[in-house]
Amino acid sequence: MSTLTTATASPAGTDLAAGENWIEFVPAALAQPHQVSFPAVVESRRNHGLWVRPRLRRDVAEALCEWLNLVYPLDPDWYPLARFEDDLLVVFTGEAAHQRHEIALGEDGRYPLGEIGCWFLSAPTRTRARFYRQLEVLRDATRHYPRPGETLVTCDPGNLPVSGFPARIDTRPAAPWVPVFRPEIAEAVAATCTSNHDRFPDDHPQVYFDRDTLVHVHQHLRALDGYLPWRIEPDTDGNYRIDGDEWTFQTVPVTSEGDVHPTATAPEGGHRARSGHPA
């Protein structure tokens with residue numbers, strides 16, 4: 001699932017529209033390089049308690065048909081086939097694609113896939129451009145050094161010092177402390193989480209930017225009815241406040257020589273950090 005594709009970030013050539021999230025089809029084989037994410041509205045109820053029920057715009061549904069024609073030969077018993085017959089989306093599933101499903105345009109102007117296919121909440125398509133940008137960000141050591149008034153924090157204490165990032169700590173009486181990241185630091189945090197998720201998807205979230213909105217997809221909560229990714233808008237200064245319990249951080253102690261201590265410690269009482277399980 002972490003292999004690269006040469007497809008564009010959006011198969012329909014567009015960004016996410018209002019109310020949409022990236023979805024992805026469970027691949028037949030982890031090594032195959034044809035994984036593509038699609039923008040869709042996600043219904044509240046899950047399919048079999050795990051998979052999302054997408055609703056697709058016409059242009060996205062057309063792109064889906066093209067993609068299925070590409071991946072179907074890899075495993076005809078796993079991937080469905082689809083095509084348009086006038087305004088009707090026709091999907092063929094099952095062994096040798098013998099079951100025909102006719103999907104009409106819904107009242108919201110989208111095609112509801114319902115229980116067809118195993119779709120899950122994901123992130124943008126893993127293109128080469130995104131991969132190399134991620135490498136560039138991860139290799140930028142300057143994003144790990146705090147400015148005056150900032151403190152190193154981490155959401156992955158087992159991977160220090162590379163997971164330590166500077167943040168301004170916002171403290172209020174009788175309230176948990178909140179890390180506030182500069183835009184370039186938020187990008188580095190997102191790249192680190194994405195890299196960790198690609199290797200250990202059960203232990204780390206997916207994090208990406210939708211324009212200037214930071215989007216957090218919890219690795220376990222995404223399978224629950226009604227769950228939608230957490231969208232974090234920048235404040236008036238363009239910084240990002242991580243003020244929810246879904247994504248937690250710990251402070252990172254620094255030695256007198258300026259080195260990051262290998263084990264993070266929890267902040268004092270009343271702070272929202274958790275020890276143990278990352279993110």
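In this text, all values refer to a predicted model and were calculated from it rather than measured experimentally. The first residue in the sequence is number 1, and the count goes up from there.
Test D156, T154, N196 against S163 for side chain to side chain donor-acceptor pair (under 3.5 Å) and you get one pass: T154. A ring-ring contact (aromatic ring centres under 6.0 Å, His included) with F25 is found for one member of Y72, W51, W119, F120 and no other, namely W119.
Contact between A188 and V137 at its shortest, heavy atoms only, is CA-CG1, 3.4 Å. Residues L89 and A61 approach most closely at CD2-CB, 4.4 Å, considering heavy atoms. The two atoms that bring V162 and H144 nearest to each other are O-CE1, 2.8 Å, heavy atoms only. The two residues S37 and S122 come nearest to each other via the heavy atoms OG-OG, 4.1 Å. Closest approach of R55 and D108 over heavy atoms only: NE-OD2, 2.8 Å. Heavy atoms only, all atoms of each residue included: A104 and P112 are closest at O-CD, 3.6 Å.
In this structure the side chain of T248 never reaches within 4.5 angstrom of the side chain of C155, judged on heavy atoms. For the pair Q134 and T194, the minimum side-chain heavy-atom distance is below 4.5 Å. Two residues are said to be in side-chain contact when any heavy atoms from C-beta on lie closer than 4.5 Å; P234 and R241 fail this criterion. At least one side-chain heavy atom of L214 sits under 4.5 Å from a side-chain heavy atom of W247. For the pair P124 and R130, the minimum side-chain heavy-atom distance is below 4.5 Å. Contact check for Y145 versus L152: no side-chain heavy atoms found under the 4.5 Å cut-off. Looking at V153 and W177, their side chains come closer than 4.5 Å, going by heavy atoms from C-beta outward. With contacts defined as side-chain heavy-atom distances shorter than 4.5 Å, the pair W22/L121 does not qualify.
Residues V42 and L50 fall within the same hydrophobic cluster, defined by Ile, Leu, Val, Met, Phe, Trp and Tyr side chains chained together at heavy-atom separations under 4.5 Å. Residues V26 and Y227 share a single hydrophobic cluster, defined by chaining ILVMFWY side chains whose heavy atoms lie under 4.5 Å apart. Hydrophobic clustering (ILVMFWY, side-chain heavy atoms < 4.5 Å, transitive): Y208 and L138 are in distinct clusters. V41 and V215 are members of different hydrophobic clusters when ILVMFWY side chains are connected at heavy-atom separations under 4.5 Å.
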Intermediate values then yes/no, salt bridge (charged side-chain N to carboxylate O under 4.0 Å, His left out), R110 and E20: CA-CA 12 Å; R110 297 173 181 271; E20 291 183 335; 2.8 Å; yes

Please report the C-alpha distance between I103 and I116 in whole Å, then the side-chain angles of each, then the deciding distance to 0.1 Å, and finally whether the side chain to side chain contact (heavy atoms under 4.5 Å, CB included) criterion is met. CA-CA 10 Å; I103 303 174; I116 297 177; 3.8 Å; yes

Side chain to side chain contact (heavy atoms under 4.5 Å, CB included) between E246 and L221, worked out: CA-CA 9 Å; E246 184 178 317; L221 297 181; 4.1 Å; yes

How far apart are the C-alpha atoms of D198 and R126, what are their side-chain angles, what is the distance that settles it, and do they pass the side chain to side chain contact (heavy atoms under 4.5 Å, CB included) test? CA-CA 10 Å; D198 287 344; R126 300 165 184 82; 3.8 Å; yes

Before giving the answer on ring pair (Phe, Tyr, Trp, His ring centres under 6.0 Å), spell out for F181 and F249 the whole-Å C-alpha distance, their side-chain angles and the decisive distance to 0.1 Å. CA-CA 12 Å; F181 296 101; F249 290 83; 5.3 Å; yes

Intermediate values then yes/no, side chain to side chain contact (heavy atoms under 4.5 Å, CB included), V90 and R100: CA-CA 7 Å; V90 182; R100 177 185 171 103; 3.7 Å; yes

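Between the side chain of H218 and the main chain of H220, a donor-acceptor pair closer than 3.5 Å is present. With hydrogens and angles disregarded, a donor-acceptor distance shorter than 3.5 Å links the side chain of R143 to the backbone of E184. Although no hydrogens or angles enter the test, the distance criterion places a donor-acceptor pair under 3.5 Å between the side chain of R53 and the main chain of R45. Within the 3.5 Å criterion, the main-chain N or O of V180 finds no donor-acceptor partner in the side chain of R168. With Y79 contributing its side chain and A28 its backbone, the two residues share a donor-acceptor pair below 3.5 Å.
Geometric assessment of R182 against the ring of Y240 yields a negative cation-pi assignment under the 6.0 Å and 45° thresholds.
Rounded to the nearest 0.5 Å, atoms CD1 (I232) and CG (D212) are 12.5 Å apart. If you take CG on D235 and CG on D237, they are separated by 5.0 Å, rounding to the nearest 0.5 Å. Considering CZ of F38 and OG1 of T125, their distance stands at 7.5 Å, rounded to 0.5 Å. Atoms CD1 and CD, from I185 and E150 in turn, are 6.5 Å apart once rounded to the nearest 0.5 Å. To the nearest 0.5 angstrom, L228 atom CG is 7.0 Å from S44 atom OG. We find the CG-CD distance between D210 and E233 to be 8.5 Å, quoted to the nearest 0.5 Å.
Under a cut-off of 6.0 angstrom, the local environment of CG in D87 is sparse, with at most 12 non-hydrogen atoms contributed by other residues, nucleotides or ligands. Counting non-hydrogen atoms of neighbouring residues, nucleotides and ligands closer than 6.0 angstrom, the CZ atom of R139 reaches no more than 12 such neighbours. Atom CZ of F84 has more than 12 neighbouring heavy atoms from other residues, nucleotides or ligands inside a 6.0 Å radius.
In this structure, R133 pairs ionically with E187, as a charged nitrogen and a carboxylate oxygen lie closer than 4.0 Å.
Residues passing the side-chain contact (heavy atoms from CB on, under 4.5 Å) test with L70, sequence neighbours excluded: H34.
Looking at E24 and Q35, their side chains do bring a donor and an acceptor atom within 3.5 Å of each other.
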